[in-house]
Amino acid sequence: MNRKLRISLLALICCLALPASSSAQQASLAATPPMGWNSWNHFGSRIDDQIVREQADAMVSSGMKAAGYTYIIIDDTWAGTRDAQGFIHPNAKFPDMKALADYVHSKGLKLGIYSSPAAKTCAGYTGSLGHEDQDAQTYANWGIDYLKYDWCQPPRGLAAMKAAYMKMHEALLKTGRPIVFSLCQYGWYKVWEWGASVGGNLWRTTGDISDRYYAMANNGFDQNGLEKYAGPGHWNDPDMLEVGNGGMSEDEYRTHMSLWAILAAPLIAGNDLTQMTPYTVALLTNRDVIAVDQDPLGKQGYRIAQEGPLEVWMKPMADGSKVVGLFNRQTTADEMTVNFSEIGISGPATVRDLWLKKDLGTFTDKYSAYVPRHGVVLVRIKAK
Ligand code: GLA
């Protein structure tokens with residue numbers, strides 16, 4: 001046997017003998033950005049067992065599950081007190097967490113929960129400090145599939161922060177149950193640089209979103225430059241969706257969805273799924289747009305051109321095509337153009353409008369369109 005072959009065989013045997021590494025688990029858990037629903041943006045502290053069941057039902061009946069949404073995530077305010085052995089119990093709003101998980105699973109969906117590395121959560125409920133192993137085991141026993149781990153208290157330094165997240169990551173691994181790990185600490189200490197190394201499948205890069213165009217736009221457009229830190233298994237998270245909550249115009253919500261898709265951001269709906277207009281359902285379930293977010297190449301898009309409030313963003317796709325967002329952040333409509341030379345395409349290319357779901361034909365050198373105020377034109381361009 002030649003030396004090279006022997007070394008590769010040894011390497012192979014060694015890899016097979018090792019337990020699945022945490023980074024392998026990371027990649028298989030969130031190979032594409034997680035999709036689901038979270039209680040916080042719409043329900044806040046009003047969330048309870050009944051509402052979670054209704055949202056799970058609506059995720060199926062609305063077609064969202066079929067479009068790829070999977071996780072039903074209970075945010076803050078579920079936790080009660082610890083028993084004499086230190087095990088956490090839900091408060092009266094959640095009489096039986098295991099039964100709730102069984103219900104969500106029976107719909108073909110997965111259940112997520114929320115805690116904090118501190119003694120108290122952001123809303124003042126019991127956090128996991130000093131009980132990480134016990135809490136992880138409790139979540140696994142209940143059948144939890146996703147944990148959002150949120151640290152609101154003033155940061156105590158990079159080392160302390162990394163150690164706290166690592167501790168819960170290891171506790172989750174020890175349970176043997178695949179549990180998506182969502183870091184929430186608003187981007188402190190450039191979390192994108194180390195979030196993956198402490199087991200994060202996604203990490204918040206910004207402060208809280210709100211149901212206003214300017215808040216959403218600040219979070220989303222600020223992601224430019226972070227693209228190199230995202231990839232299969234580990235994603236930048238500019239916060240959950242506000243689509244359908246009523247505070248933005250249709251064009252503004254279309255911008256929200258388009259930008260999150262170009263960013264390969266987690267698509268975690270934050271509205272009441274039982275009360276959706278047909279327009280909200282269409283926005284959340286547009287297959288062409290979801291395919292941009294969920295593209296297997298896992299590249300986060302970035303800005304390729306800017307003229308004041310007119311921004312052109314591009315996301316490279318696995319099939320070689322380029323998705324381009326013409327974003328108009330000003331308050332009047334304007335014509336915008338993408339030059340094919342800026343997206344690495346020379347010669348003729350086909351253009352498909354992803355919101356109109358329409359092939360527009362073949363174009364050479366550039367594509368131009370009128371873009372409404374605070375709106376977007378989202379196209380997929382493929383060299384012929
Ligand atoms: C923080 C998070 C929110 C939500 C609340 C809950 O503000 O950023 O997404 O989880 O805490 O208290």
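Here, residue 1 is the first one in the sequence, and each next residue gets the next number. Note that ligands are numbered from 1 as they come in the structure, with each ligand's atoms numbered from 1 the same way.
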Presence of salt bridge, [Y] and [X], under 4.0 angstrom:
{"X": "D135", "Y": "R82", "result": "yes"}
{"X": "D102", "Y": "K98", "result": "yes"}
{"X": "D133", "Y": "K167", "result": "no"}
{"X": "R352", "Y": "D359", "result": "yes"}

(message) Please check this pair: side chain of T126 against backbone of T81, looking for a donor-acceptor N/O pair closer than 3.5 Å.
(response) no
(message) Taking disulfide bond (SG atoms under 2.5 Å apart) as the cut-off, I'd like each qualifying pair that reaches into residues 140-233, sequence neighbours left out, listed once.
(response) C122-C152
(request) Would you check ligand 1 and list the protein residues that come within less than 4.0 Å of it by any heavy atom, ordered by chain and number? (result) W40, D75, D76, Y114, C122, A123, K148, D150, C184, Y186, R204, D208, M240
